[in-house]
Amino acid sequence: MCNSGNKKIAIVITGLSFGGAERVTSYLANYFISQGREVYLISLTTGEKAYPLSNEIHIREFEVSDSLSPLVRYVSLIRLIRKELISIN
């Protein structure tokens, strides 16, 4: 692995419940923590975490109202993610 000066990693995923992508995300996040990285998981939904995650991982869950039109909902999520990534840096 390349040792660059930037040790922060942000992973955006739709949710942290059961599923293949969620399992791989938990493995990757825990691996990066073990390598001394600072890891931020940004979930687009709230809910139960199905796989073990290190206490050192920063988890941020967003919930946008389902009553909004899909386009407005996605624009809202993009804005929230953008703000979160700026605050991480």
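These values consider heavy atoms only, across backbone and side chains, with no hydrogens, waters or symmetry-generated copies.
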Checklist entry - Considering all heavy atoms of both residues, which atom of Ile9 and which atom of Arg37 are nearest to each other, and what is their separation? => result CD1-CG, 3.9 Å
Checklist entry - Would a hydrophobic clustering, with Ile, Leu, Val, Met, Phe, Trp and Tyr connected at side-chain separations under 4.5 Å, put Ile81 with Val75? => result no
Checklist entry - Is there side-chain contact between Glu38 and Lys7, with heavy atoms separated by less than 4.5 Å? => result no
Checklist entry - Are Val24 and Leu16 in one and the same hydrophobic cluster, where Ile, Leu, Val, Met, Phe, Trp and Tyr link if side-chain heavy atoms are under 4.5 Å apart? => result yes
Next on the checklist: Using the rule given for side chain to side chain contact (heavy atoms under 4.5 Å, CB included), can you reason through Leu53 versus Ile33, listing the C-alpha separation, both sets of side-chain angles and the distance that settles it, and then say yes or no?
Outcome noted: CA-CA 10 Å; Leu53 293 168; Ile33 286 291; over 6 Å; no
Checklist outcome for this item: Closest non-hydrogen atoms of Ala50 and Ser17, given as atom of the first, atom of the second and distance, are CB-C, 3.5 Å
Checklist entry - CD of Glu61 to NZ of Lys49: how many Å apart, nearest 0.5 Å? => result 3.5 Å
Checklist entry - For the side chain of Thr14 and the backbone of Leu44, is there at least one donor-acceptor N/O pair under 3.5 Å apart? => result no
Checklist entry - Should Leu80 and Glu84 count as side-chain neighbours, where that means a heavy-atom distance under 4.5 Å? => result no
Checklist entry - Going through the distances and angles, do Val39 and Asn30 end up as a side chain to side chain contact (heavy atoms under 4.5 Å, CB included)? => result CA-CA 8 Å; Val39 178; Asn30 289 321; over 6 Å; no
Item to check | Geometric class of the Tyr51/Phe18 ring pair [parallel <30°, tilted 30-60°, perpendicular >60°] | outcome: perpendicular
Checklist entry - Got a second to check how far Ile13's CD1 is from Leu28's CG, nearest 0.5 Å? => result 9.5 Å
Next on the checklist: Return the OG to CG distance between Ser76 and Leu71, rounded to the nearest 0.5 Å.
Outcome noted: 9.0 Å
Checklist outcome for this item: Of all heavy-atom pairs linking Pro52 and Ser26, the shortest is O-CB, 3.9 Å
Item to check | Transitive ILVMFWY side-chain link Tyr27 to Leu41, under 4.5 Å | outcome: no
Item to check | Non-hydrogen side-chain atoms of Glu63 and Thr45 separated by less than 4.5 Å | outcome: yes
